[in-house]
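Shown next, in structure tokens, is the structure this report addresses.
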Amino acid sequence: MDTIFAEATPPGRGGVSVVRLSGPKARATLESLAGPVATPRLAALRALRDGEDLIDRALVLWFEEGHSFTGEEVAELHLHGAPVIANRLAQALLSRGLRRAEAGEFSKRAFLNGRMDLAEAEGLADLLSAETEAQRKLAMRATEGELGRKADELRVKLVRAGALIEASIDFADEEVPEEVPPEALDLIAAVRADIRLMLAGYPATERLRQGYVVAIVGPPNAGKSTLLNRIGQRDIALVSEVAGTTRDILELHTDLRGLPVTFLDTAGLRESSDPIEAMGVARGLQRAAEADLRIHLTVDGIADAATAGDIVVRAKADLGRAEGISISGLTGEGVAELLDLVYDRLRVRAADTGLVGHKRQAEALQRALSALEVDHDMAPEFLAEALRQAAQALAMMVGRVGAEDYLDEIFSSFCIGK
Ligand SMILES: Nc1nc2c(c(=O)[nH]1)N(C=O)[C@@H](CNc1ccc(C(=O)N[C@@H](CCC(=O)O)C(=O)O)cc1)CN2
Ligand SMILES: Nc1nc2c(ncn2[C@@H]2O[C@H](COP(=O)(O)OP(=O)(O)OP(=O)(O)O)[C@@H](O)[C@H]2O)c(=O)[nH]1
């Protein structure tokens with residue numbers, strides 16, 4: 001096994017830059033630069049020397065095999081934060097036979113050494129890319145291993161049900177039809193109910209993970225671009241009195257009180273003889289239909305295209321009062337209330353989140369559920385086989401088996417040094 005190294009901190013100047021080593025030569029390499037190190041996980045200030053050359057005076061620490069982030073021997077060097085120092089150290093490490101780590105390689109080794117399961121690794125990736133507080137909380141929960149514990153708990157029930165069924169096969173009288181023990185049926189029903197519950201939370205969890213999309217739609221000149229600019233508090237979209245100004249879809253990424261929300265400004269909805277504008281309208285319609293929520297900006301309070309749950313608001317409130325919610329992108333009037341409403345609608349969805357937030361996990365759960373959709377008068381031998389398949393699918397969900405196909409996909413999305 002290679003010993004790998006990478007900067008754990010972002011490249012460039014900074015107060016301190018941390019270089020991490022992992023693998024069988026980590027401690028020996030550290031000692032060749034810093035002299036003997038004694039107590040694991042205890043920082044010591046040491047001169048780092050490559051031969052005669054003093055590279056830096058740094059804080060160093062090491063972790064024993066089996067007691068580190070990766071599960072391998074690990075060393076850390078906390079250098080002064082200048083790229084020339086990290087580069088000089090890298091040269092010393094390369095000359096000692098270490099190699100640079102690939103993206104996500106530390107975490108991948110942690111997985112391969114049983115320090116985390118696949119769902120925790122996916123949670124860690126989500127944590128590193130989380131942009132808002134709600135996403136951080138969701139990802140943090142995933143890194144704590146709850147899904148793995150739940151999967152194991154369900155597998156134990158299936159194994160117990162399987163054992164009861166196997167026993168009933170062994171002792172069954174050849175003459176009378178075999179009966180599935182009621183306790184086994186109860187266990188299967190309980191597991192099925194739990195899986196259904198976990199799957200029910202998937203759409204909400206996946207949406208929060210990816211971020212919500214809110215489309216601003218309405219007729220040309222209603223003030224959609226002006227509203228987007230007001231929400232973003234900067235000039236994102238071009239505003240003009242010419243109807244049909246917005247042709248492409250403009251996006252504004254925001255943190256709406258902890259919820260990740262992308263607002264879309266779409267082309268005004270109208271028949272157009274201009275093929276470019278017509279394409280813009282068609283694309284806008286498509287994206288708006290896929291969005292989590294639509295804000296219909298109207299001139300007269302009428303939005304024919306609005307579907308249940310959409311928000312309908314009257315535009316240009318500064319030009320005169322009207323029934324219902326009205327806003328003015330120009331003066332900002334009513335915009336805070338509109339955002340309150342958007343937040344409330346999305347928060348309701350965010351409240352339904354659960355442990356399953358990745359398609360890969362949901363698909364494995366679905367396979368487990370399908371295997372368990374068995375007929376109760378099915379022959380016990382077939383039932384036992386169905387239970388094995390379901391248990392296998394649950395094990396795959398958290399990477400206890402069959403993780404090979406997903407490793408590259410998951411860990412290459414991490415950055416170098418993680
Ligand atoms: N300096 C530093 N900070 C860091 C990390 C790191 O690798 N280095 N981490 C990396 O991403 C995270 C922390 N994750 C870690 C997880 C386990 C162990 C570890 O050594 N575990 C041992 C010993 C625990 C103990 O001290 O009692 C163990 O579990 O046996 C270290 C870091 C965040 N902060
Ligand atoms: N009085 C008033 N005028 C507004 C308001 N919002 C936008 N306008 C004006 O209405 C015109 C159209 O505004 P835009 O924001 O470009 O409208 P749009 O809906 O994005 O238009 P399209 O790109 O054609 O779909 C501009 O002249 C704006 O200055 C408002 O709240 N009050």
Side-chain angles (χ1 to χ4, degrees), residues 5-9 16-22 26 39-43 59-79 101 104-111 113-116 120-121 123-125 127-128 140 143-145 215-231 235-250 263-270 272 274 277 280-281 284 288 295-299 313-320 322 326-335 338 414-415 417-418:
F5 72 94
E7 280 184 75
T9 42
V16 175
S17 119
V18 177
V19 173
R20 217 161 28 156
L21 283 48
S22 183
T39 318
R41 288 185 296 283
L42 191 71
L59 274 182
V60 303
L61 60 158
W62 73 284
F63 303 76
E64 323 102 298
E65 184 184 344
H67 298 279
S68 70
F69 174 70
T70 59
E72 301 177 325
E73 222 174 69
V74 166
E76 287 189 8
L77 299 96
H78 297 211
L79 311 167
E105 201 171 1
F106 290 91
S107 304
K108 185 176 177 179
R109 288 185 176 198
F111 167 75
N113 290 320
R115 305 285 306 184
M116 58 173 138
E120 290 171 63
L124 187 57
L127 184 62
L128 295 171
M140 200 63 225
T143 64
E144 293 286 292
I216 305 172
V217 297
N221 259 341
K224 300 179 294 298
S225 300
T226 306
L227 175 61
L228 186 82
N229 290 344
R230 171 65 62 177
I231 295 170
D235 285 341
I236 300 154
L238 220 61
V239 169
S240 90
E241 66 284 354
V242 179
T245 302
T246 303
R247 283 156 175 232
D248 222 334
I249 299 161
L250 293 165
F263 287 94
L264 302 182
D265 176 19
T266 60
L269 303 177
R270 66 164 177 180
S272 175
D274 175 350
E277 187 187 346
V281 171
I295 299 171
H296 295 261
L297 213 52
T298 74
V299 192
V313 285
R314 230 176 244 263
K316 306 190 184 180
D318 54 297
L319 297 182
S326 46
I327 62 121
S328 167
L330 210 59
T331 66
E333 175 187 346
V335 174
L338 173 62
F414 283 70
C415 45
K418 191 65 212 174

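From a predicted model like this one, the values you see are computed outputs, not experimental measurements. Worth knowing before you read on, the calculation uses all heavy atoms, side chains too, and leaves out hydrogens, waters and symmetry mates. Counting starts at 1 for both ligands and their atoms, in listed order.
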Do any nitrogen or oxygen atoms of Gly223 come within less than 3.5 Å of a nitrogen or oxygen of ligand 2? yes
Does only the side chain of Leu319 get under 4.0 Å from ligand 2, or the backbone, or both, or neither? Count heavy atoms. side chain
Indicate yes or no for a side-chain donor-acceptor contact from Asn221 to the backbone of Glu241 under 3.5 Å, with no hydrogens or angles considered. yes
Are any side-chain N or O atoms of Arg115 and backbone N or O atoms of Ala110, one a donor and one an acceptor, separated by less than 3.5 Å? no
With Phe414 via ring pair (Phe, Tyr, Trp, His ring centres under 6.0 Å) - residues at least two apart: Phe411
Are the side chain of Thr143 and the backbone of Met140 linked by a donor-acceptor contact shorter than 3.5 Å? yes
closest protein heavy atom to atom 22 (P) of ligand 2 is Asn221 N, 3.6 Å
Taking N or O atoms only and a 3.5 Å limit, does Ala243 qualify as a polar contact for ligand 2? no
Under 3.5 Å between some N or O of ligand 2 and some N or O of Thr245? yes
With backbone taken as N, CA, C and O and side chain as the heavy atoms from C-beta onward, which portion of Ser225 lies under 4.0 Å from ligand 2: side chain, backbone, both, or neither? both
Geometric N/O contact Thr226 with ligand 2, under 3.5 angstrom: yes
Check for a donor-acceptor pair, side chain of Arg41 on one end and backbone N or O of Leu61 on the other, with a separation under 3.5 Å. no
Treating Thr298 as the side-chain partner and Val313 as the backbone partner, does any N or O pair qualify as donor plus acceptor under 3.5 Å? yes
Would you say Arg109's side chain and Gly71's backbone share a donor-acceptor pair under 3.5 angstrom? no
Check whether any N or O atom of Ala317, backbone or side chain, sits under 3.5 Å from an N or O atom of ligand 2, and answer yes or no. no
Can you tell me if Ser17 uses its side chain to pair, donor with acceptor, with the backbone of His78 under 3.5 Å? no
Is it the case that ligand 2 has an N or O less than 3.5 angstrom from some N or O of Gly329? yes
If you look at each N/O of ligand 1, which protein N/O atoms lie under 3.5 Å away, and at what distance?
from: ligand 1; atom 1: 1 (N); to: Glu76; atom 2: OE1; distance (Å): 2.9
from: ligand 1; atom 1: 1 (N); to: Glu76; atom 2: OE2; distance (Å): 3.3
from: ligand 1; atom 1: 7 (O); to: Arg20; atom 2: NH1; distance (Å): 2.7
from: ligand 1; atom 1: 7 (O); to: Glu76; atom 2: OE2; distance (Å): 3.4
from: ligand 1; atom 1: 8 (N); to: Glu76; atom 2: OE2; distance (Å): 2.4
from: ligand 1; atom 1: 11 (O); to: Lys418; atom 2: NZ; distance (Å): 2.6
from: ligand 1; atom 1: 20 (O); to: His67; atom 2: O; distance (Å): 3.2
from: ligand 1; atom 1: 26 (O); to: Arg41; atom 2: NE; distance (Å): 3.0
from: ligand 1; atom 1: 29 (O); to: Arg115; atom 2: NH2; distance (Å): 2.7
from: ligand 1; atom 1: 30 (O); to: His67; atom 2: ND1; distance (Å): 3.0

If you have a sec, work out which protein heavy atom is nearest atom 4 (C) of ligand 2 and how many Å separate them, to one decimal? Lys316 CE, 3.6 Å
Determine whether Val239 and Thr245 satisfy the following criterion, side-chain contact (heavy atoms from CB on, under 4.5 Å), listing intermediate values before the conclusion. CA-CA 7 Å; Val239 169; Thr245 302; over 6 Å; no
Enclosure of Leu238 CG (heavy-atom neighbours >12, cutoff 6.0 Å): no
closest protein heavy atom to atom 24 (O) of ligand 2 is Gly244 N, 2.6 Å
